[in-house]
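Computed from a predicted model, the values in this text were never measured in an experiment. What you see below is based on every heavy atom in this structure, not just the backbone, and it leaves out hydrogens, waters and symmetry mates.
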Amino acid sequence: MKTKRFAILGMVTLLSVGVLAQNSEKKFGIELNSGASFSVKEISNTKLNPGFSFEVLFHYRFMQHLGTYAGWGWNKLSADNSFAGDDVCFEETGYVFGLQFMHPIGGSPFSYYVRGGGLYNHIESENAEGDIINDTGHGLGFQVAGGVNFNFGKNWSLNPGVKFNSLNQDSDFEGASMNMDYQYISVRVGLVKQF
């Protein structure tokens with residue numbers, strides 16, 4: 001009888017330790033990332049200069065290697081000459097959401113990650129004085145990304161990577177209908193804090 005009690009007590013203890021160990025893994029995170037952006041397509045025959053982007057993302061890992069992310073992003077590409085005039089900036093701002101798969105690389109502090117998600121963004125055109133001269137309104141687009149995550153301890157990590165954003169919006173510009181197919185690649189570095 002005592003052996004049975006010890007066996008049950010031992011099994012309960014082992015299961016409890018396993019559950020506590022699982023719960024001690026960090027499931028949430030916040031990421032700030034930024035980097036250079038490069039247009040992969042002209043907007044209405046307008047060549048765009050390299051630009052800059054920024055994102056703040058919140059992560060939730062619901063499986064060992066799979067999680068969700070959501071946040072807000074901003075990207076700015078300029079044009080010397082465009083259909084909207086000289087020295088015009090095209091800014092994409094809005095929301096991003098999607099899934100992230102992250103897997104460790106052997107026993108190292110490195111992991112690789114891939115992301116795929118949606119955008120709910122708009123494109124603003126600004127003149128040289130910074131005045132908004134056109135706004136497409138929010139619409140849906142998509143994002144794909146990938147890179148390497150380096151865990152440097154105390155729940156902090158660095159994650160350099162590459163992302164591709166695509167947002168196709170129609171807009172009226174000075175009485176003419178314009179199609180703004182805003183596509184760019186961003187080479188970026190992010191800082192992640194898990195909690």
Side-chain angles (χ1 to χ4, degrees), residues 29-59 67-101 112-149 158-193:
I30 185 167
E31 173 185 346
L32 302 174
N33 69 62
S34 181
S37 299
F38 305 93
S39 176
V40 296
K41 189 172 186 179
E42 293 181 347
I43 293 181
S44 298
N45 298 320
T46 298
K47 183 178 179 346
L48 299 174
N49 300 325
F52 185 76
S53 67
F54 173 81
E55 279 181 340
V56 58
L57 302 174
F58 297 95
H59 299 268
T68 61
Y69 67 95
W72 180 87
W74 170 84
N75 184 72
K76 180 179 182 178
L77 297 170
S78 64
D80 298 327
N81 299 300
S82 74
F83 61 88
D86 295 337
D87 292 326
V88 173
C89 292
F90 298 94
E91 294 187 15
E92 173 206 31
T93 58
Y95 309 98
V96 60
F97 51 90
L99 292 174
Q100 173 177 279
F101 177 81
Y112 69 88
Y113 68 90
V114 291
R115 295 177 181 165
L119 305 170
Y120 186 64
N121 291 359
H122 67 125
I123 303 164
E124 293 177 346
S125 305
E126 294 183 1
N127 62 20
E129 289 78 35
D131 300 323
I132 297 172
I133 54 177
N134 185 267
D135 188 341
T136 63
H138 281 78
L140 292 174
F142 71 92
Q143 176 186 89
V144 291
V148 176
N149 185 281
L158 202 62
N159 66 340
V162 176
K163 76 172 181 176
F164 171 77
N165 274 23
S166 177
L167 180 65
N168 192 335
Q169 292 286 90
D170 290 324
S171 180
D172 289 327
F173 191 83
E174 296 181 355
S177 180
M178 302 285 298
N179 179 264
M180 296 204 167
D181 195 2
Y182 196 82
Q183 297 181 16
Y184 66 93
I185 291 175
S186 180
V187 179
R188 61 197 180 85
V189 175
L191 184 65
V192 180
K193 171 65 174 172

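- Under the salt bridge (Lys or Arg N to Asp or Glu O under 4.0 Å) criterion, D170 pairs with no residue, sequence neighbours left out.
- Counted by atom type alone, Y182 and N75 present one or more donor-acceptor pairs between their side chains at under 3.5 Å.
- A donor-acceptor pair under 3.5 Å links the side-chain atoms of Q169 to the main chain of G137, judged by distance alone.
- The backbone N or O of I123 lies less than 3.5 Å from a partner atom in the side chain of T136, making a donor-acceptor pair.
- Taking the side chain as every heavy atom from C-beta outward, T93 and W72 approach each other to under 4.5 Å.
- Between E31 and Y69, every side-chain heavy-atom pair lies at or beyond the 4.5 Å cut-off.
- Counted within 6.0 Å of CG on D131, heavy atoms from surrounding residues, nucleotides or ligands total more than 12; the atom is thus considered enclosed.
- Separating the CD atom in E42 from the NZ atom in K47 is a distance of 7.5 Å, to the nearest 0.5 Å.
- For the atom pair F52 CZ and W74 CH2, the distance stands at 6.5 Å (nearest 0.5 Å).
- Within a 6.0 Å sphere centred on NZ of K76, other residues, nucleotides and ligands contribute 12 heavy atoms or fewer.
- N165 has its side chain out of reach of S186: every pair of non-hydrogen atoms, C-beta onward, lies at least 4.5 Å apart.
- One distance of note links CG of L167 with CE of M180; it measures 10.5 Å at 0.5 Å rounding.
- Across all their heavy atoms, L77 and P50 have their closest contact at CD2-C, 4.1 Å.
- Atom OG in S37 sits 10.0 Å away from atom CZ in R188 (nearest 0.5 Å).
- Counting only heavy atoms from C-beta outward, the side chains of S39 and F90 never approach each other to under 4.5 Å.
- Residues D135 and S171 come closest through the heavy atom pair O-OG, 4.0 Å.
- Annotation for Q183 and S166: closest pair CG-OG, 3.6 Å, computed over non-hydrogen atoms.
- With a 4.5 Å cut-off on side-chain heavy atoms, N159 and V148 do not count as touching.
- Partner F83 forms a side chain to side chain contact (heavy atoms under 4.5 Å, CB included) with one of V88, I43, N45 and no other, that one being I43.
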> Going through the checks in order, is the side-chain contact (heavy atoms from CB on, under 4.5 Å) test met by L32 and F54?
Replying inline: CA-CA 8 Å; L32 302 174; F54 173 81; 4.2 Å; yes

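- The two residues L191 and L158 make their nearest non-hydrogen contact at CD1-CD1, 4.2 Å.
- Nearest heavy-atom pair across D172 and N134 is O-ND2, 2.8 Å.
- Note: E91 CD to S78 OG = 10.5 Å, rounded to the nearest 0.5 Å.
- Side chain of T46 to backbone of N81: no donor-acceptor contact under 3.5 angstrom is found.
- Atom CG of residue N121 and atom OH of residue Y95 lie 9.0 Å apart, to the nearest 0.5 angstrom.
- When side chains are defined from C-beta on, Y184 counts as touching K163, because their heavy atoms get closer than 4.5 Å.
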